[in-house]
Amino acid sequence: TPTVAEIQAAIDAILNNINFLLAELAKLEPSTTTVPSACSGVSFTRGLTSGSTGSDVKCLQALLNQSSDTQVALSGVGSPGNETSYFGSLSITAVGKFQIKKGLVSSSADAGYGYVGPKTRAQLNSLLGQ
């Protein structure tokens with residue numbers, strides 16, 4: 001029969017293998033917690049709508065650009081790496097897509113579509129780990 005020390009050694013070896021495999025798995029899974037540099041020191045505390053400007057708008061665009069189905073633009077102004085601090089029609093559409101994706105609105109006809117109100121801010125802040 002194995003000794004307590006031998007059993008403990010086997011358990012330790014298995015735990016080491018588990019930790020190694022978890023680390024390998026983490027390398028394969030896309031990170032969902034990446035916070036864009038444009039969001040450093042930013043939180044969403046006010047309503048954003050057409051004509052709004054500020055660092056929170058640039059952060060918003062950077063967050064939306066992390067997912068292909070909510071991108072502000074594919075190229076040019078508002079596209080990944082070209083985010084701006086101006087909330088215009090491209091931002092409205094991208095916010096609306098985000099809201100539909102998160103179940104905050106069901107279509108572009110819904111009140112609040114494209115407006116960054118309390119529910120949308122809560123979702124955005126959670127992406128920032130807040």
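A heavy-atom distance below 4.5 Å is not found between the side chains of Pro36 and Glu83. In this structure, the side chains of Thr120 and Phe44 stay at 4.5 Å or more apart for every pair of heavy atoms. Between Tyr86 and Val77, the closest side-chain pair of non-hydrogen atoms is not below 4.5 Å. Residues Thr45 and Asp56 fail the side-chain proximity criterion, which asks for heavy atoms closer than 4.5 Å.
The closest side-chain donor-acceptor pair between Ser79 and Gln71, if any, does not fall under 3.5 angstrom.
One hydrophobic cluster, built from ILVMFWY side chains closer than 4.5 Å, holds both Leu128 and Leu48. Both Ile7 and Leu15 are part of a single hydrophobic cluster, where members link through side-chain heavy atoms under 4.5 Å apart. In this structure, Val35 is a member of the same hydrophobic cluster as Phe98, with clusters built from ILVMFWY side-chain heavy atoms closer than 4.5 Å. The hydrophobic clustering, which links ILVMFWY residues whose side-chain heavy atoms are closer than 4.5 Å, places Val72 and Val42 apart.
With values rounded to the nearest 0.5 angstrom, Ser55 atom OG is found 11.5 Å from Leu60 atom CG. Note that OG of Ser67 is 9.5 Å distant from CG of Asn65, once rounded to the nearest 0.5 Å. A distance of 15.5 Å separates NZ in Lys119 from NZ in Lys102, rounded to the nearest 0.5 Å. Atoms SG and CD, on Cys39 and Gln66 in that order, are 7.5 Å from each other to the nearest 0.5 Å. The distance from atom CD1 of Ile14 to atom CG of Asn19, rounded to the nearest 0.5 Å, is 12.0 Å. For the atom pair Asp110 CG and Ile100 CD1, the distance stands at 7.5 Å (nearest 0.5 Å).
Within the 3.5 Å criterion, the main-chain N or O of Ala73 finds no donor-acceptor partner in the side chain of Gln61. Counting only distance, with no hydrogens or angles, the side chain of Thr93 and the backbone of Leu90 share no donor-acceptor pair below 3.5 Å. Although no hydrogens or angles enter the test, the distance criterion places no donor-acceptor pair under 3.5 Å between the side chain of Thr49 and the main chain of Tyr115. The main-chain N or O of Arg121 is never found under 3.5 Å from a side-chain atom of Gln123 such that the two would form a donor-acceptor pair.
When each of Ile92, Val57, Leu124 is paired with Val116, the side-chain contact (heavy atoms from CB on, under 4.5 Å) condition holds for Leu124 and for no other.
Thr70 and Ala94 make their closest contact through O-CB, 3.3 Å (heavy atoms, listed as atom of the first residue, atom of the second, distance). Listed here is the closest heavy atom pair of Ala38 and Ala62: CB-CB, 4.1 Å. Heavy atoms only, all atoms of each residue included: Ser43 and Gln130 are closest at CB-OE1, 2.8 Å.
Leu74 CG: 12 or fewer foreign heavy atoms inside a 6.0 Å radius.
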